[in-house]
2 protein chains.
Amino acid sequence: MTHGSRHGGQPSSPTPRVRLVDVAREAGLSKTTVSAALNDTGRLSPAVREKARETARRMGYRPNATARQLRAGRAKLIGYVVGEAVDARSVFLESPYFARLTGATAATALRRGYAMVLLPAGSLQSEWADLPLDAVVVTDPDADDRIVDDVLAAGIPVFSDRSVEGRPGAYWVDVDTEAAVRSALDHFHEQGARRPVLVVPDSTTRFHTEVFAAHREWCAEHGLPERVVRVGEAGNGPVVRAVETALTGDPAGRRPDALLVVAEASPPLVLAAARRHGYDVPGDLLLACVSEDVTAEHTEPPVTTLSLRPEAIAEAGIEHLVRVLEQGGREPAGTLVPTRLDVRASSVRQHG
Amino acid sequence: MTHGSRHGGQPSSPTPRVRLVDVAREAGLSKTTVSAALNDTGRLSPAVREKARETARRMGYRPNATARQLRAGRAKLIGYVVGEAVDARSVFLESPYFARLTGATAATALRRGYAMVLLPAGSLQSEWADLPLDAVVVTDPDADDRIVDDVLAAGIPVFSDRSVEGRPGAYWVDVDTEAAVRSALDHFHEQGARRPVLVVPDSTTRFHTEVFAAHREWCAEHGLPERVVRVGEAGNGPVVRAVETALTGDPAGRRPDALLVVAEASPPLVLAAARRHGYDVPGDLLLACVSEDVTAEHTEPPVTTLSLRPEAIAEAGIEHLVRVLEQGGREPAGTLVPTRLDVRASSVRQHG
DNA sequence: TTGAAAGCGCTAACAT
DNA sequence: ATGTTAGCGCTTTCAA
């Protein structure tokens, strides 16, 4: 090989990295002074501070993060793992909600100085016990998730996008379910629907439980029959089948005039199912899905969605995390963030 | 201060973690001995080794990863970032390909002892310069991606799922494009199609360039006209519009009898577009999409897909990475992995 | 076969 | 205002 190979692995030190002491020597100062200058601490004369900085810049100095971590006792590293409530774990990122929550969490965390390590879905704490994690974000945990317990037992604080009330060290951000369900059902009602049907996962997560409860309450208030179809499993197949069940109508053969799908499914597939069952959307069926799927905007007609606003959840969660980690003060365990109903043609009754 | 607060460090350490020296003291041994016992190095009497291990276990000792890193000089941390070729960067994970590649990369890496940090899409090296990354995985970089340059300039090896030939320190795994395109077109041909049309992104990535070339070559070989529609932008909207252009037929008004969509789009949406244009699939149009989208299995008819096998790419890439990092030997810069054609009803001519 | 001691690169008490 | 020094917790020569 001709050209001096500077890449390769560490074994044969690629480029003997510039250390603090090198900068100090070069600038004719001490480590302390240079360190203070770069970290903007201590009392230094402006001239010296500038000189230290200039030298560091010129030499291309990059502080060694590991050494800093060791000194600080914190690694500025957080884990991100999917809880047990998620079924199709190996491919959880394919869900637009998780995809966006994940990306937003990583971005927000980094902005606040924390690197986010993606932990394999469904992995147990033992698999990553060696990592110096300051905290772990557990998405969509079960009511009594084992991963949450494992992490807490290891003395690591847990942050979640689902309520994990009552466990010290566990914090959460969740959506305002009550308001969410009402916004969708109120919208249907305003559009004239009187026989709405709900498709919701048969799970123990707070969100789904509360969706069910909020729907029941709303129906009672409005004197409308409570029609619900529960989905046992996650995935497009099961959800579409549940939708089809919902669309066949009640035992008396009365067909619904509005459909709220809370289980995650591809909006185009839900729409196609409605078509197969002879519904015109929005002519004789108003449709809304709880979904972050962008394909909802591209169907004919576009599908109304109730967005859980994963970015907002991520931001609130990371702010919370940083506050707990850095101020250590007694923070509230939970926070609610609002949802957003994006009304599109699929749920707007035509005039005339 | 009431409780003996060691100097620099955590605000108020939750559980004063057990250190190596604690185990040593408890076992009546030295740090050296315990370290050797736990790492299975050195020459120790079986009795002592067992005693050290037992004590460590009993005390719940967990080695401090940061200290180890500082000693070792490597952090066992790799970065993962999306290259410049990806358009909708903020939501790149919503693409099933990226979602699966990302998850599989994280899982494989962790299995090999490396934690994967998810870096915000489109972020520059400066935003995470502080992280002690041993390597960075750049997905879908442009032909001369700036992120790749930045990372290489920082002396960090780069691994990619797209060819980045010719830059020392850059390694890649890519798909066998030629074989991929041929498998799809051959399949169409076997099913009797004679007027296939290709929809492909107008990008400079090796994959898309080679898809174009392989298609041209295949058409020439088979004496068939080369029909191609280029998509300028990523996203369901632009791709669906390109599909519609492709389906309107050539200037002479001759309509295609097979459609290969290489640009990423939701299969249900592509299918719906074909319907809108009066095609029966697979009756008068055979359809195949390059996609990892699971919704392809749930349409009516299910859509044939050409899978790039992100999991295989991830595994090959991480194996490669580990080899380069740990053996440092002169490894080949690139590897090809095969694709897989999942034939479904959308591309199978009916009998009778 | 085991232990003492040096030091990875950095920051912060404590001098000067 | 700047420098000296002592570690953070671990692994690894090198002595005993």
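First the proteins, then the strands, lettered A, B, ... as listed; each starts at 1.
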Notebook entry, point to check: If the sugar-phosphate is the primed atoms plus P, OP1 and OP2 and the base is the rest, what is the B/S/- string for nucleotides 10-16 of chain D, using protein heavy atoms under 4.0 Å?
Noted result: BBBB---
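Atom-to-atom, CG of Leu38(A) to P of dA12(C) comes out at 13 Å; the value is rounded to the nearest Å. If you measure from atom CZ of Arg25(A) to atom C1' of dG3(D), you get 15 Å, rounded to the nearest angstrom. Residue Gln69(A) contributes atom CD, which lies 18 Å from atom P of dC8(C) at whole-angstrom precision.
Annotation: side-chain hydrogen bond (donor to acceptor under 3.5 Å, both in side chains) contacts of Glu319(A) (sequence neighbours excluded): Arg112(A). Applying the side chain to side chain contact (heavy atoms under 4.5 Å, CB included) rule to Ala72(B) yields no partners; only residues at least two apart in sequence or on another chain are considered. Qualifying side chain to side chain contact (heavy atoms under 4.5 Å, CB included) partners for Glu127(B), counting only residues two or more places apart in sequence or in other chains: Ser123(B). Listed by chain and residue number, Tyr171(A) satisfy the ring-ring contact (aromatic ring centres under 6.0 Å, His included) test with Phe159(A) (two or more places apart in sequence, or in another chain).
Place Leu29(B) and Leu70(B) on DNA chain C by their nearest nucleotides, and Leu29(B) ends up nearer the 5' end.
Using a 4.0 Å cut-off between a side-chain N of Lys or Arg and a carboxylate O of Asp or Glu, Asp40(A) and Arg49(A) qualify as a salt bridge. For Asp149(B) and Arg146(B), the salt-bridge test fails: no basic side-chain N is under 4.0 Å from an acidic carboxylate O.
The distance from atom CZ of Phe98(B) to atom OG1 of Thr139(B), rounded to the nearest 0.5 Å, is 5.0 Å.
Results of the side-chain contact (heavy atoms from CB on, under 4.5 Å) test with Tyr97(B) over Thr102(B), Asp140(B), Ile313(B) single out Ile313(B) as the only residue that passes.
One axis for each end of the helix from dT1(C)-dA16(D) to dT16(C)-dA1(D), each built from five base pairs, and the angle between them comes to 50° at 10° resolution.
Here Ser45(A) reaches the OP1 or OP2 of dT2(D): one of its side-chain N or O atoms lies under 4.0 Å away.
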